[in-house]
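All values reported here derive from a predicted model rather than from experimental measurement.
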Amino acid sequence: MTSSSEVYIEGTATDPAVGARAAVEEAHRRLRAGLAAARAADTGAGARGPGAPAGGSALAEFCAGELRRHLSAVDRTLYAAASGAAETRLLVRALRTVTTVLDRHVDALAAADRTAAGEAAAAVEAVLEARLAAEEEALLPALTGLPGADLPALVADLRILAGGGRLDDPAVVDVRETPHGRRHPRIFTRFARLAPGEDFVLVNNHDPKPLRREFEATHPGAHTWEYVESGPDVWRVRIGRRAVPAD
């Protein structure tokens, strides 16, 4: 039976996925505000000569610190979860390309003198806005409906990483005491955090054939599946992310 604390109306404020999307959008607002505040601080500083490096500016420090920490956290959570699914693989590839361009502009900002810093800052803002808009308008809706993706859990991990914390990445995921409706999302969330070549062991009280079919549908050629123990009471399966996707 579902407890009263787990009852919600899909698509409303009580829906965990809606709350997760709102949390990401709020993080985006904070990034935009932080960027604007840093630019304003640099504009008001005025004492730096035109040839002074921008590396010590408020904006350069914000980009090297909070901004890059957020970008890395999103890549390890939302992007990782979507990168192995056929529906979202190309979207993630495009977003990571945008991030590469953004990183170049952040590096250019750190190296620029005061004369060139304004142009570099404008480029950072423009590319970042394109990335944030794509996440809000395309990635978050896609993750909400992606089989095996648990958006609230992914966003919870994102917030931990963005805050400078570390994730608990257990080598063994035992779902025998986990409610059935939460097993697959928990397993796919763990898979999303695997680097190429890494794996974990799933422990279950039945042969997880439906899970295997779901992996084959959402991560074709990107995962490995090896039975370590096959019942009759306990099943152990080593699930990994391929170092090189299968053809």
request  = Return each pair, listed once, that meets salt bridge (charged side-chain N to carboxylate O under 4.0 Å, His left out) where at least one residue sits in residues 159-174; pairs must be two or more places apart or across chains.
outcome  = D169-R193, D174-R176
task = May I ask you to decide if L91's main-chain N or O and T88's side chain share a donor-acceptor pair within less than 3.5 Å?
result = no
remark   = So CG of D199 and CZ of R241: to nearest 0.5 Å the spacing works out to 12.0 Å
Residues R190, D150: salt bridge by 4.0 Å N-O rule = no
message = Please enumerate all residues that pass ring pair (Phe, Tyr, Trp, His ring centres under 6.0 Å) together with H223, with sequence neighbours excluded.
response = F215
key: Spacing of T144 atom OG1 and L139 atom CG [to the nearest 0.5 Å]   = 9.0 Å
request  = List in chain and number order the residues that pass side chain to side chain donor-acceptor pair (under 3.5 Å) with R186, two or more places apart in sequence or in another chain; answer none if no residue qualifies.
outcome  = T178
key: CZ/R69: more than 12 non-hydrogen atoms of other groups inside 6.0 Å   = yes
task = Quick one: list whatever passes salt bridge (Lys or Arg N to Asp or Glu O under 4.0 Å) with E136, sequence neighbours left out.
result = R32
ask   = Salt bridge or not for E216 and R213, using N-O below 4.0 Å?
value = no
ask   = Do you reckon V228 sits in the same ILVMFWY cluster as F191, going by side-chain contacts under 4.5 Å, direct or chained?
value = no
inquiry  = Under 4.5 Å between side-chain heavy atoms, counting indirect links through other Ile/Leu/Val/Met/Phe/Trp/Tyr residues: same cluster for L31 and I160 or not?
reply    = no
query = With sequence neighbours left out, what residues match R131 under side chain to side chain donor-acceptor pair (under 3.5 Å)?
reply = Y79, T99, E135
ask   = Are L128 and V98 grouped together when hydrophobic residues (ILVMFWY) are joined by side-chain heavy atoms under 4.5 angstrom apart?
value = yes
What side-chain donor-acceptor pairs closer than 3.5 Å can you find for residues 116-125, not counting sequence neighbours?
from, atom 1, to, atom 2, distance (Å)
E125, OE1, R39, NH1, 2.7

